[in-house]
There are 2 protein chains.
Amino acid sequence: MERVSLKMIANELGVSIATVSLVLNGKNKNGRVSQGMSQKIIDKAAELNYVPNNFAKSLKMGRSKTIGLIVADISNVFFGSLALHIQICAEKAGYTVFIGNTNEKLIEMEKMIKLFKARQVDGLIITPTEGSEKLIKDLLKADIPFVLVDRSFPELDVDSVLINNYQISNVSTKHLLKKGCRNIAFVTYKQDQFHINERKRGYMEAMKEVGLFNPENVKEVRYGFLEKDIRKAISQIMKSEKKIDGIFFATNSISLAGVKSLFNYKIELQKDIQIMCFDESEAFYLLPFSVPFVKQPIEEMGKQAVRSLLSQVERHANEERHVILNAALINK
Amino acid sequence: MERVSLKMIANELGVSIATVSLVLNGKNKNGRVSQGMSQKIIDKAAELNYVPNNFAKSLKMGRSKTIGLIVADISNVFFGSLALHIQICAEKAGYTVFIGNTNEKLIEMEKMIKLFKARQVDGLIITPTEGSEKLIKDLLKADIPFVLVDRSFPELDVDSVLINNYQISNVSTKHLLKKGCRNIAFVTYKQDQFHINERKRGYMEAMKEVGLFNPENVKEVRYGFLEKDIRKAISQIMKSEKKIDGIFFATNSISLAGVKSLFNYKIELQKDIQIMCFDESEAFYLLPFSVPFVKQPIEEMGKQAVRSLLSQVERHANEERHVILNAALINK
DNA sequence: TTCCATATATTAAACGTTTAACCTATTATC
DNA sequence: GATAATAGGTTAAACGTTTAATATATGGAA
């Protein structure tokens, strides 16, 4: 079954390729093609089940109607949800999504950017890995439309869709304080990414404000050694001189590993120790007590990312370039 | 910054486009281009940072080096993991992955197939939705390389990567029996998909074998009304005339909702009632007791799917066309 | 009649590749 | 010295579009 081209339609109707192209692209505005012929072409295209050749189109037009999505790990629910909404949203606008994983590795991120550039995507949506400023700067120089999501680099002037990390962490910490906690630990990744640092800052400021901040209470774990480091961190927390009565986990993976690790101790969670998690997990619903957590507006993030990107790609009036969405503290 | 083409390289070196093309594609086998010129071309390409135009290439060659992945919902961990490994594997082979979600809807699946066909992907990896035989048949007719994964249609002769649903369910049920259960319920989706039916069959055969099968103990819930229907099913189970002492949940979503729902009753799980789940969930690790579950070899599934697809696309000797991988019963 | 507008289509170049077929100069063979 | 083989390229068509520029026929106005 041979592929149907404009040429075939043109031949069957005895007109030129150009005429067919004009009609099928709705570009016969000023009555360039007669009503009758227009209809004939449309009908014939339907009859032959014409599907445009996107390669030829893209080659000619220089636009591919594709976007590349680069996330850390698509098997992570957060990124999976983000990808879901981005795909749905992009499709509505006529764009198709390529997907790539970095596993939080700079070199993989670089590879993916290169790959997608070679694929001539019209734009990129990226959750940048730690230390990828240079890559992002290169992207800026290369004048490729892109938008960062979930994370960004404050010193770079790039389009981004983020949440109010500082504020929500601050509020969440205060929530623990309000519940009566006086000695709250903060468990985070050993890294240097703005969004994570902001979460820490939110916690620290809240603690300082009431004169209860203790640097000892900030525990850092390594991404590649999560389980092991968490065990150690929790152990330290449990042995703490001054009894810890609250723990704030800075990310979803840390939250899960942390809670899991806490089960090894005979304490009553949400009684002896209050916990606060970042991101939702279906796991929380299986626990015999309720876990307060920070819920990110993932669907909205995806939508805004696509919107922001397409406004660059299609040269709209450049909407808001730095979108900050509000996360919610869920406590039921 | 203008895009670098073969033409530019050719002009700079005063040779023809063809020569440059041959060299950069490693097709100057029989010494068609001299060593010296070859090197010059390679160097110049590097210097100008040449990136081939994939559209032109695909247009000419009729192959795009892309594959389309169609899953139900990329935010579901199972599909996310599958996608992760498929992407990694495909990339290694020089293919890039498009992603699409069906949300288990036939019409969305159709849309995605159409979309990816228009994108001229070289092949498709699909987890087909219920009732999509016709779409799959059309795909066969259209002679498009594809492979079904996770699910298939036994009456259609299509390439597929599945797990041993019947056998693992049979074994898992027997495991419950061995633990002393005598009246085991099976909770599944109200649908008609082969892989799910096979799970049911595995359970039924095991029960029949020991003369303990009771049709009343099979409960069906609707995909779109999971929470509600599960509550009802669990309620029925708890009210069962003859006390239920084991429950086998047929999918990961059902497992989670089921366990969650069970918490509303004052029974001791894994004591009063033994449970068995399909698919792993991080949530299980948060429970104070261990949950036995069926673990699917997702990475292997992804790898095999890509391998199988590419053997079609690249016309290798057609390896195994019906791959059945073994799931494992995890019980720690 | 001559000129102009209008309606309706066509022509042809261009996008950047790939590749079969062809060309030319040099060297080897008889 | 004639012929053939080889090395080292080049030419040109083709893939399927888009679109600016051009063509042609018809009818109306002057």
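Proteins get letters first, then strands, A, B, ... in listed order; numbering begins at 1 in each. Quick caveat, the model's predicted, so the values are computed rather than measured.
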Item checked: Phosphate OP1/OP2 of D:dT10 contacted by B:Thr19 side-chain N/O (<4.0 Å) -> yes
Check: Do the charged groups of B:Arg119 and A:Glu91 touch, with an N to O distance under 4.0 Å?
Finding: no
Checklist line | Residue A:Asn53, side-chain heavy atoms: nucleotide from D:dG16, D:dT19, C:dT19 that is nearest | finding: D:dG16
Check: Which of residues 57-68 of chain B sit near DNA chain C, with a heavy atom under 4.0 Å from it?
Finding: B:Lys57, B:Lys60, B:Met61
Check: How long is the gap from OH on B:Tyr95 to SG on B:Cys89, to the nearest 0.5 Å?
Finding: 12.5 Å
Notebook entry, point to check: Could you state the NZ-C1' distance from A:Lys7 to C:dT11, rounded to the nearest angstrom?
Noted result: 15 Å
Margin query: Under 4.0 Å from OP1 or OP2 of D:dG9: is there any side-chain N or O of B:Ser34 that close?
Written below: yes
Next item on the list: Inspect the contact between A:Glu110 and A:Lys114 and indicate whether a charged nitrogen and a carboxylate oxygen are less than 4.0 angstrom apart.
Entry: no
Next item on the list: With heavy atoms under 4.0 Å as the rule, sort B:Asn25 into base, sugar-phosphate or nothing.
Entry: sugar-phosphate
Item checked: Length of the CG-P vector between A:Leu13 and C:dA9, whole Å -> 11 Å
Check: Within a radius of less than 6.0 Å around NZ of B:Lys40, do more than 12 heavy atoms belonging to other residues, nucleotides or ligands occur?
Finding: no
Checklist line | Separation of atom CD1 in A:Ile41 from atom P in C:dA9, rounded to whole Å | finding: 8 Å
Note to self: How many whole angstroms separate atom CG of B:Leu22 from atom P of C:dA21?
What the structure shows: 15 Å
Next item on the list: Output the single nucleotide from D:dT17, C:dA9, C:dT18 whose closest atom is nearest the side chain of B:Ile17.
Entry: C:dT18
Check: Between D:dC15 and A:Ser5, is there an OP1 or OP2 to side-chain N/O distance shorter than 4.0 Å?
Finding: no
Notebook entry, point to check: Taking CZ from A:Arg3 and P from D:dT17, how many angstroms apart are they, rounded to a whole number?
Noted result: 7 Å
Note to self: Using a 3.5 Å distance criterion without hydrogens, assess whether the side chain of A:Thr66 forms a donor-acceptor pair with backbone atoms of A:Val97.
What the structure shows: no
Item checked: Phosphate OP1/OP2 of D:dG9 contacted by B:Ser16 side-chain N/O (<4.0 Å) -> no
Next item on the list: To the nearest 0.5 Å, tell me how far A:Ile298 CD1 sits from B:Ser75 OG.
Entry: 8.5 Å
Checklist line | Between B:Gln87 and A:Asn101: side-chain donor-acceptor atoms closer than 3.5 Å | finding: yes
Item checked: Base D:dG8 to side chain B:Arg32, donor-acceptor N/O within 3.5 Å cut-off -> no
Checklist line | Which atom of A:Asp122 lies closest to which atom of A:Ser64, heavy atoms considered | finding: OD1-N, 2.9 Å
Next item on the list: Examine D:dT18: is either OP1 or OP2 under 4.0 Å from a nitrogen or oxygen in the side chain of A:Lys27? Give yes or no.
Entry: no
Margin query: From CE of B:Met8 over to C1' of C:dG16, roughly how many Å is that when rounded to an integer?
Written below: 10 Å
Next item on the list: Would you mind telling me which residue lines up with the more 5' stretch of DNA chain D, A:Ala56 or A:Ala18, judged by nearest nucleotide?
Entry: A:Ala56
Check: Taking CZ from A:Phe55 and P from D:dT17, how many angstroms apart are they, rounded to a whole number?
Finding: 12 Å
Note to self: Rounding to an integer number of Å, can you tell me how far A:Leu24 CG sits from D:dT17 P?
What the structure shows: 9 Å
